[in-house]
Amino acid sequence: MIRQRTPVKRSLNPARRFNDPALEEIWHVISTIPRGKATTYGSVARAAGLPGRARQVGFALRTAPDGLNLPWHRVVGAGGRIVFPASSRSHREQARRLRAEGVRVVKGRVTPSAMTDLEAL
DNA sequence: GCCCTGACCGCCA
DNA sequence: ATGGCGGCCAGGG
């Protein structure tokens, strides 16, 4: 079959990603989120010394090298909300992974008791 | 440099 | 509960 030109955006040069201290820090913080818990993008940003830059956390997650095996599913939106569209593959996958570690997910939201503030660790 | 687009957030109608 | 909006900041065209 004919391979069409991919419409997918080219991501950042991997080599450069590894050299960005902010991204490294964000990835590190995410790696410390305990099993069975979930936290927010904003919390990760603060813990990484980047208050107010929740969006950058999203970017960091999106561009993270697979080899890091980050617990990406433990990062959710404010109020425990899974940010992916409810019908999406990613949404189901995230909910599945969370439940697999005992986190209750109701209507796309992580139960408050499972939420944790990284700064309190 | 300008403009649009986000795995965001919080406020407010 | 829900949608809109401004604020936020980094990438990419």
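Note that the structure is a prediction, hence the values are computed from the model and not measured. Below, read A as the first sequence line, B as the second, and so on, with proteins coming before strands; counting in each chain starts at 1.
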Item to check | Under 4.0 Å protein heavy-atom contact, by nucleotide of nucleotides 1-6 of chain C - B base, S sugar-phosphate only | outcome: ------
Item to check | Reading 5' to 3' through nucleotides 7-13 of chain B, protein heavy-atom contacts under 4.0 Å coded B for base, S for sugar-phosphate only, - for none | outcome: BBSS---
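For A:Arg92, there are no salt bridge (Lys or Arg N to Asp or Glu O under 4.0 Å) partners, not counting sequence neighbours. With sequence neighbours left out, the side chain to side chain contact (heavy atoms under 4.5 Å, CB included) criterion links A:Ser31 to A:His28, A:Leu70. Under the side chain to side chain contact (heavy atoms under 4.5 Å, CB included) criterion, A:Ala100 pairs with no residue at all, not counting sequence neighbours. Shown here are the side-chain hydrogen bond (donor to acceptor under 3.5 Å, both in side chains) partners of A:Arg97, two or more places apart in sequence or in another chain: A:Glu93. Judged as a side-chain hydrogen bond (donor to acceptor under 3.5 Å, both in side chains), and not counting sequence neighbours, the contacts of A:Thr39 are A:Ser43. A:Ala45 is linked by a side chain to side chain contact (heavy atoms under 4.5 Å, CB included) to A:Val57, counting only residues two or more places apart in sequence or in another chain.
A side-chain hydrogen bond (donor to acceptor under 3.5 Å, both in side chains) check over residues 98-110 of chain A, counting only residues at least two apart or in different chains, returns the pairs A:His73-A:Glu101, A:Arg74-A:Glu101. Within the structure, no pair that satisfies the salt bridge (charged side-chain N to carboxylate O under 4.0 Å, His left out) test touches residues 59-69 of chain A, not counting sequence neighbours. The list of salt bridge (charged side-chain N to carboxylate O under 4.0 Å, His left out) pairs with a residue in residues 39-50 of chain A, not counting sequence neighbours, reads A:Arg46-A:Glu119.
Distance A:Leu50 CG to C:dG7 C1': 17 Å, rounded to the nearest Å.
Closest non-hydrogen pair, A:His91 versus A:Phe84, comes out as ND1-O, 3.0 Å.
In DNA chain C, runs of at least 3 stacked Watson-Crick or G-U pairs (N1-N3 plus N6-O4 or O6-N4, or N1-O2 plus O6-N3, all under 3.5 Å) give these stems: B:2-6 with C:9-13, B:8-13 with C:2-7.
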